[in-house]
Engineer: 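Input: one structure, supplied below.
In what follows, residues are counted from 1 in the order of the sequence shown. When reading the values below, keep in mind they use all heavy atoms of this one structure, side chains included, and skip hydrogens, waters and symmetry mates.
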Amino acid sequence: MSEEIKNTNNNEDDDRKRGKIVLIIFAVILIIAGSVCLGYYLFEQYSARLNENDNTTVATTQEVSSEVKLAKNPIDFKKLRKQNTDIYAWLKVPGTKVDYPVVQHSSDDYFYLRHSAYDKSWKSSGAVYIELGNTKTFNDAVTMIYGHNGYGDTMFTTLHRFEDSEFFNKHSKFYVYMPHRKLTYRIISAFKYDDRHILNSFDFRDVDVFTDFLTMLQNPETNNKNVRKSLDKELTINDNIVILSTCFTNQRSNRYLVCGVLIKDEKTN
């Protein structure tokens with residue numbers, strides 16, 4: 001009887017061992033299956049990130065490629081600034097002989113009336129310059145650029161060619177170059193004006209004042225005027241205007257203005 005009980009107990013122990021082995025095997029299978037699933041999931045995530053990075057790289061490459069398309073800049077500003085650090089831009093007006101550096105003196109608005117832009121030496125015809133009332137960014141509402149008239153065909157003398165309507169109609173743009181920047185201006189109008197100091201006479205921070213001034217540029221009250229019939233855009237208070245100002249021979253109380261609105265701002269080499 002005791003032998004039968006002993007055998008029975010041994011059988012039960014064997015069954016328990018088999019059950020534990022089965023459970024262990026099942027647990028191992030679950031662990032392996034879970035690891036495979038987790039590995040697959042991680043692989044999918046990694047692949048997705050790779051694709052995303054590839055797409056980002058392509059997009060970035062495309063953006064860089066588009067930024068590489070720079071406009072040409074024919075002006076050697078490094079060389080010019082070795083001659084005079086006041087040189088900060090270059091003005092070119094096609095159809096005229098206006099093709100000069102633009103300067104701004106650090107403290108004296110009258111200095112370049114009688115000094116060269118290239119070396120600051122005394123020169124009766126002066127230079128093409130702006131006053132301290134303007135920044136050197138060309139981001140002001142109105143930037144005034146001054147140059148003498150009456151010194152042969154130098155400085156701003158040949159701007160008077162715009163008094164001829166045929167010449168005015170054929171020449172619609174002028175350009176300002178800066179280091180790594182090219183600004184294109186559409187000529188709005190060219191006309192005879194009085195001798196008031198425009199930057200001191202108008203507060204262009206006042207929206208109404210600037211709006212009225214823009215209206216005047218498109219319809220000056222003078223017989224000596226040429227106005228662009230179509231600008232391809234309406235002038236607004238968000239526009240940037242550049243006015244080229246010079247004198248009339250033997251007319252001390254009058255000025256001749258050639259006015260342009262910025263239509264393109266390009267990066268250059």
Engineer: Just verifying a value: how many Å separate L199 CG and E131 CD, rounded to the nearest 0.5 Å?
Structural biologist: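 Going from CG on L199 over to CD on E131, the span is 7.0 Å.
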Engineer: Linking I/L/V/M/F/W/Y whenever their side-chain heavy atoms sit closer than 4.5 Å, directly or via other members, would V142 and L235 fall into one cluster?
Structural biologist: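 Yes; tracing contacts between hydrophobic side chains, which count when under 4.5 Å, links both residues.
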Engineer: Between K120 and D86, does any side-chain N to carboxylate O distance fall below 4.0 Å?
Structural biologist: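 Between D86 and K120 there is a salt bridge, with a charged N closer than 4.0 Å to a carboxylate O.
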Engineer: Is it the case that over 12 heavy atoms from other parts of the model lie below 6.0 angstrom from the CG atom of N200?
Structural biologist: yes
Engineer: With K192 as the cation and Y256 as the aromatic partner, state whether NZ or CZ is under 6.0 Å from the six-membered ring centre and within 45° of the axis.
Structural biologist: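 Negative - K192 is either too far from the ring of Y256 or too far off its axis.
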Engineer: Test of understanding: with side chain to side chain donor-acceptor pair (under 3.5 Å), list the residues that count as partners of S121, not counting sequence neighbours.
Structural biologist: D119
Engineer: Is the gap between the ring centers of H115 and Y112 under 6.0 Å?
Structural biologist: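 No; Y112 has its ring centre 6.0 Å or more from that of H115.
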Engineer: I'd like to know if D265 and R181 make a salt bridge, using a cut-off of under 4.0 Å between side-chain N and carboxylate O.
Structural biologist: yes
Engineer: Do R228's NZ or CZ and the ring of F168 fall within the cation-pi criteria of under 6.0 Å and 45°?
Structural biologist: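 R228 over F168 ring: yes.
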Engineer: Tell me, yes or no, whether the heavy-atom count around K233 atom NZ, taken from other residues, nucleotides or ligands under 6.0 Å, exceeds 12.
Structural biologist: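 Yes, because the 6.0 Å sphere around NZ of K233 holds more than 12 heavy atoms from other groups.
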Engineer: For the atom pair OH (Y129) and CZ (F111), what is the distance rounded to the nearest 0.5 Å?
Structural biologist: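 Spacing of OH (Y129) from CZ (F111) equals 12.0 Å.
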Engineer: More than 12 heavy atoms of other residues, nucleotides or ligands under 6.0 Å from OH of Y110: is that the case?
Structural biologist: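 No, because the 6.0 Å sphere around OH of Y110 holds 12 heavy atoms or fewer from other groups.
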Engineer: Answer yes if the ring centres of F77 and H180 are under 6.0 angstrom apart, and no otherwise.
Structural biologist: no
Engineer: Step by step, would you call I130 with K136 a side-chain contact (heavy atoms from CB on, under 4.5 Å)?
Structural biologist: CA-CA 8 Å; I130 69 168; K136 294 189 289 186; 4.2 Å; yes
Engineer: Verify whether the ring centers belonging to F167 and F162 lie closer than 6.0 Å.
Structural biologist: yes
Engineer: Over all heavy atoms of both residues, which pair between A89 and V176 is shortest? Give the atoms and the distance, please.
Structural biologist: CB-CG1, 4.1 Å
Engineer: Evaluate side-chain hydrogen bond (donor to acceptor under 3.5 Å, both in side chains) for R255 paired with H197, printing each intermediate quantity in order.
Structural biologist: CA-CA 10 Å; R255 299 290 182 268; H197 192 287; over 6 Å; no
Engineer: As an exercise, state the distance from CG of D195 to SG of C247, rounded to the nearest 0.5 Å.
Structural biologist: 9.0 Å
Engineer: Quick one, L262 with D239, criterion side-chain contact (heavy atoms from CB on, under 4.5 Å). Give me CA distance, side-chain angles, the key distance, then yes/no.
Structural biologist: CA-CA 7 Å; L262 180 66; D239 282 316; over 6 Å; no
Engineer: With distance as the sole criterion, is a donor-acceptor pair present between the side chains of N149 and T246 under 3.5 Å?
Structural biologist: no
